[in-house]
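Along the sequence shown, residues are numbered consecutively beginning with 1. Numbering of ligands and ligand atoms starts at 1, following listing order.
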Amino acid sequence: MRIVVLISGSGSNLQAIIDGCNDGRINGSVVAVISNRPDVKGLERARNHGIEAITLDHRNFDSRETFDAALAQHIDNFEPELVILAGFMRILTPTFTGRYLGRMLNIHPSLLPKYPGLHTHKRALEAGDSEHGVTVHFVTAELDGGPAVLQARVPILESDTEDTLAARVLEQEHRIYPQAAGWFCEGRLTLQGNAALLDNTPINTTL
Ligand SMILES: Nc1nc2c(c(=O)[nH]1)N[C@@H](CN(C=O)c1ccc(C(=O)N[C@@H](CCC(=O)O)C(=O)O)cc1)CN2
Ligand SMILES: NCC(=O)N[C@@H]1O[C@H](COP(=O)([O-])[O-])[C@@H](O)[C@H]1O
């Protein structure tokens with residue numbers, strides 16, 4: 001399957017997806033990487049693997065709608081079966097999410113539905129939570145509200161800072177995102193209404 005990955009920064013999840021394609025865990029190939037921010041490390045990661053790396057700077061557009069329309073044109077040029085958000089930091093419009101409904105995944109650094117949005121590690125620490133984690137979900141118009149596919153739990157340690165917690169969560173991200181993408185590329189993972197199905201059975205597995 002053809003995969004287009006959207007990024008905004010470092011691209012460590014992009015790297016995990018590329019590695020999954022290269023070692024056979026994902027029956028697909030990343031055909032393009034698109035960043036809404038210029039000169040980010042994720043674009044370098046793409047180029048290091050001979051993958052087309054495109055910058056579509058959202059600051060050059062006068063609205064979310066015009067940015068999303070241009071983004072969709074770029075994506076559709078590559079005719080992907082799967083669009084992966086990997087640290088992509090723009091809220092997408094309903095028109096855009098509707099266009100890729102059922103074939104767009106995101107990874108979010110919290111145990112959704114807890115802490116949608118930003119600054120999740122800080123919020124979990126400030127709440128005094130004993131555990132945190134990460135969720136892979138289908139992308140819908142509702143921000144971080146799409147059906148969950150996979151989750152991984154991470155204990156919060158007394159000594160944790162935002163950075164140490166984020167690093168431990170990131171390790172789990174790199175583990176479960178290739179698993180979810182692999183299921184999709186095998187045709188096993190689908191979106192039916194507001195439910196994620198694996199082999200036609202409702203799923204919300206914690207790995
Ligand atoms: N319609 C949807 N759009 C996006 C989803 C989604 O599920 N539905 N997932 C997000 C990813 N995400 C968290 O996982 C997320 C990304 C960005 C933001 C946000 O508030 N962005 C700000 C800009 C922040 C910045 O540039 O640093 C904004 O867009 O104004 C919240 C959550 C991707 N989009
Ligand atoms: N709301 C989206 C969000 O916060 N995504 C998070 O951004 C980081 C990107 O890292 P990466 O660029 O190294 O993959 C990851 O922790 C990812 O979960």
Undergrad: Within the distance-only criterion (no hydrogens, no angle test), does the side chain of T161 pair as donor or acceptor with the backbone N or O of T164 below 3.5 angstrom?
TA: yes
Undergrad: For D23, look at atom CG and say whether over 12 heavy atoms of other residues, nucleotides or ligands are found less than 6.0 Å away.
TA: yes
Undergrad: Can you pull the residues with any heavy atom under 4.0 Å from ligand 2?
TA: S10, G11, S12, N13, G87, M89, I107, H108, P109, L170, E173
Undergrad: Look at the rings of F67 and H58 and say which category their plane angle falls in: under 30° parallel, 30 to 60° tilted, over 60° perpendicular.
TA: perpendicular
Undergrad: With a 3.5 Å cut-off and no angle check, do the side chains of H108 and T120 form a donor-acceptor pair?
TA: no
Undergrad: In order of chain and number, which residues sit within 4.0 Å of ligand 1 by heavy atom?
TA: R37, R64, L85, F88, M89, R90, I91, L92, T97, N106, I107, H108, L118, H137, V139, T140, A141, E142, L143, D144
Undergrad: For E79, does the CD atom sit with more than 12 other heavy atoms under 6.0 Å from it, leaving out its own atoms?
TA: no
Undergrad: Compare all side-chain heavy atoms of Y100 with those of R103 and state whether any distance is below 4.5 angstrom.
TA: yes
Undergrad: Which residue in the set E162, H132, R168 passes side chain to side chain donor-acceptor pair (under 3.5 Å) when paired with H121?
TA: H132
Undergrad: Indicate whether the side chain of Q15 and that of H174 have a donor and an acceptor atom separated by less than 3.5 Å.
TA: no
Undergrad: Taking all non-hydrogen atoms of both residues into account, name the closest pair between F184 and L189 and its distance.
TA: CD1-O, 3.5 Å
